[in-house]
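Computation of the quantities below employed the complete heavy-atom set of this structure, encompassing side-chain atoms and omitting hydrogens, waters and symmetry-equivalent molecules.
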Amino acid sequence: MDLGLTDRVVVVTGASKGIGRACAEAFAREGARVALVARSRANLDAALAGFPAGRHAPLAIVADLTRVADAQAMADAAERALGPIDVLVNSAGAARRYAPDELDAAAWHAAMDAKYFSYIHPIDAVLRRMVARGRGAIVNVIGAGGKVANPVHLPGGAANAALMLATVGLASAFGPKGVRINGINPGATLTDRVQEGLAVEARMTGLPAAELKARGEAKLPLRRYGTPEEVARVALFLASDQASYVTGAIVPMDGGAAAVI
C-alpha cells in the first residue's frame, strides 16, 4: 500500500527515544522529510547516529515543549528548513508514576506540564498554519492510562484523559478546515516507561520487576506487550491519505487488555 508520504514534511516530538523515535524512523523510510524534536541534544544525536538512511536527511530540533515559545520556535525552524508542515506526531513528554502515598499537588501539576501541555503547545504552533493551507494531519500518541484509573498512574492518566478530549474536540472543530486529528492509546509498550512503571510497582509490592512484567503479559489476550514499531505503523496510517476519512478517532493499542466498545 502506497501511503503517499513521500516528501511530506513531518514533525515528530519526543523523537529521540521510544515510540517517538520509532515514528520518526518509520516516516523517514516512507520518504518523508522528518524533523525530530526533543529536549536533549545528546539524546537527539544518539537517535540520529542510528537513524535509517532515507530519501531526505533528518532535521534535529532541540525544544522544551512545556514552553509556548519553544513550541513556536520549533515550528518556525521546521518550516524554514523543510517547508510547510504536513504532519505533526506528538509523542513528547511522559508523566512520572507515583505510588498513591507519594502524590502531592506538585505531582499533578508536573503531569499536566509533562504530558498535556507538551502536546497542546505544538498543536497550537502548527494548527493555524495547517488551517491556512487547508490541509494537515495530527496524530497524538496518548496512552490507555487515560481510560483506566491505575493507582500508580493517576496524574499521568488524568493528563491522558484530557488529551483524548482535546483530540476529539479539535478534530470536530477543525475538520471543516481540512485538518484531521487522531489519537493512539498504547497500552504497555516495551519502552523505558514500562520499566519505570514496573519499578514503582515493585516498590509497592515487594515483588521483582521481572515477575511483575511476566504477570502483566499473561493477562493480555495477545500475551505480550507491544513494541514502539507497532505503534509507529498505526501512526503512519493515520497520518496518510489512506486514512483520509478518519478523524476524531482514538485507536486502542493495548493487546486487547480493555474489552470495551
Side-chain angles (χ1 to χ4, degrees), residues 5-97 110 113-126 129 138-143 156 184 186 189-197 199 226-236 239:
L5 292 167
T6 302
D7 295 334
R8 295 282 176 89
V9 175
V10 179
V11 172
V12 182
T13 73
S16 64
K17 294 181 179 180
I19 293 172
R21 178 172 176 173
C23 287
E25 293 180 350
F27 278 98
R29 290 190 184 99
E30 292 294 321
R33 303 175 188 271
V34 182
L36 291 76
V37 184
R39 288 180 298 177
S40 166
R41 169 59 66 180
N43 288 343
L44 279 171
D45 288 344
L48 291 176
F51 207 74
R55 182 181 175 92
H56 304 287
L59 172 70
I61 301 174
V62 177
D64 181 348
L65 298 173
T66 65
R67 302 171 180 168
V68 174
D70 276 28
Q72 294 290 338
M74 172 273 294
D76 289 341
E79 294 209 336
R80 279 197 306 271
L82 304 178
I85 296 168
D86 297 298
V87 176
L88 169 66
V89 178
N90 273 315
S91 190
R96 283 187 56 200
R97 294 174 184 261
D113 280 338
K115 189 60 188 277
Y116 181 74
F117 287 112
S118 64
Y119 282 49
I120 294 300
H121 293 161
I123 291 172
D124 183 62
V126 306
R129 302 168 196 245
I138 297 173
V139 180
N140 293 324
V141 181
I142 305 173
I184 302 173
T189 307
L190 293 173
T191 66
D192 292 343
R193 292 276 296 141
V194 164
Q195 300 303 324
E196 177 190 327
T227 68
E229 291 74 21
E230 288 172 314
V231 179
R233 288 194 284 271
V234 175
L236 283 177

Q.
Can you pull out every salt bridge (Lys or Arg N to Asp or Glu O under 4.0 Å) where at least one residue sits in residues 84-93? Sequence neighbours excluded, please.
A.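 Sorted result for residues 84-93: empty, none.
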Q | salt bridge (Lys or Arg N to Asp or Glu O under 4.0 Å): pairs with one or both residues in residues 56-66, sequence neighbours excluded | A |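 Salt bridge (Lys or Arg N to Asp or Glu O under 4.0 Å) check on residues 56-66 returns Asp64-Arg67.
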Residue pair [X] / [Y], side-chain heavy-atom distance below 4.5 Å:
{"X": "Leu59", "Y": "Arg33", "result": "no"}
{"X": "Leu88", "Y": "Pro122", "result": "yes"}
{"X": "Leu36", "Y": "Val34", "result": "yes"}
{"X": "Val139", "Y": "Ile184", "result": "yes"}

Practice item. Go through the steps for Met74 and Leu65 under the test side-chain contact (heavy atoms from CB on, under 4.5 Å), then give the verdict. Key: CA-CA 9 Å; Met74 172 273 294; Leu65 298 173; 4.2 Å; yes
Donor-acceptor pair, side chain of Tyr119 and main chain of Ile142, under 3.5 angstrom
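The answer is no, because no donor-acceptor pair under 3.5 Å joins these two groups.
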- Side-chain donor/acceptor of Thr13 to backbone N/O of Ala92, under 3.5 Å: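 Checked: pair present.
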- Step by step, work out the side-chain contact (heavy atoms from CB on, under 4.5 Å) result for Arg39 and Val62. CA-CA 5 Å; Arg39 288 180 298 177; Val62 177; 5.7 Å; no
Qualifying residues under side-chain hydrogen bond (donor to acceptor under 3.5 Å, both in side chains), relative to [X], sequence neighbours excluded:
{"X": "Glu79", "result": "Arg129, Arg133"}
{"X": "Thr227", "result": "Glu230"}
{"X": "Arg55", "result": "Asp7"}

With Ala77, which residues qualify under side-chain contact (heavy atoms from CB on, under 4.5 Å), at least two apart?
->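 Counting only residues at least two positions away or on another chain, Ala77 forms a side-chain contact (heavy atoms from CB on, under 4.5 Å) with Ile61, Arg80.
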Would you be so kind as to tabulate the donor-acceptor pairs closer than 3.5 Å made by side chains of residues 19-29, with sequence neighbours excluded?
from  : atom 1 : to    : atom 2 : distance (Å)
Arg21 : NE     : Glu25 : OE2    : 3.3

Closest contact, heavy atoms only, [X] versus [Y]:
{"X": "Asn90", "Y": "Ser118", "value": "OD1-O, 4.2 Å"}
{"X": "Thr66", "Y": "Asp113", "value": "CG2-O, 3.2 Å"}
{"X": "Ala75", "Y": "Val126", "value": "CB-CG1, 4.2 Å"}

- Which residues pass the ring pair (Phe, Tyr, Trp, His ring centres under 6.0 Å) test with Phe117, sequence neighbours left out?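 So Phe117 forms a ring pair (Phe, Tyr, Trp, His ring centres under 6.0 Å) with His121.
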### Query
For Val37 and Val11, what are the C-alpha separation, side-chain angles and deciding distance, and is it a side-chain contact (heavy atoms from CB on, under 4.5 Å)?
CA-CA 7 Å; Val37 184; Val11 172; 3.8 Å; yes
May I have the step-by-step check of side-chain contact (heavy atoms from CB on, under 4.5 Å) for Ile138 and Ile123, ending in yes or no? CA-CA 8 Å; Ile138 297 173; Ile123 291 172; 4.3 Å; yes
Let me check something: any side-chain donor-acceptor pairs from residues 40-47 under 3.5 Å, sequence neighbours excluded? List them with distances.
from  : atom 1 : to    : atom 2 : distance (Å)
Ser40 : OG     : Ala42 : N      : 3.3
Ser40 : OG     : Asn43 : N      : 3.0

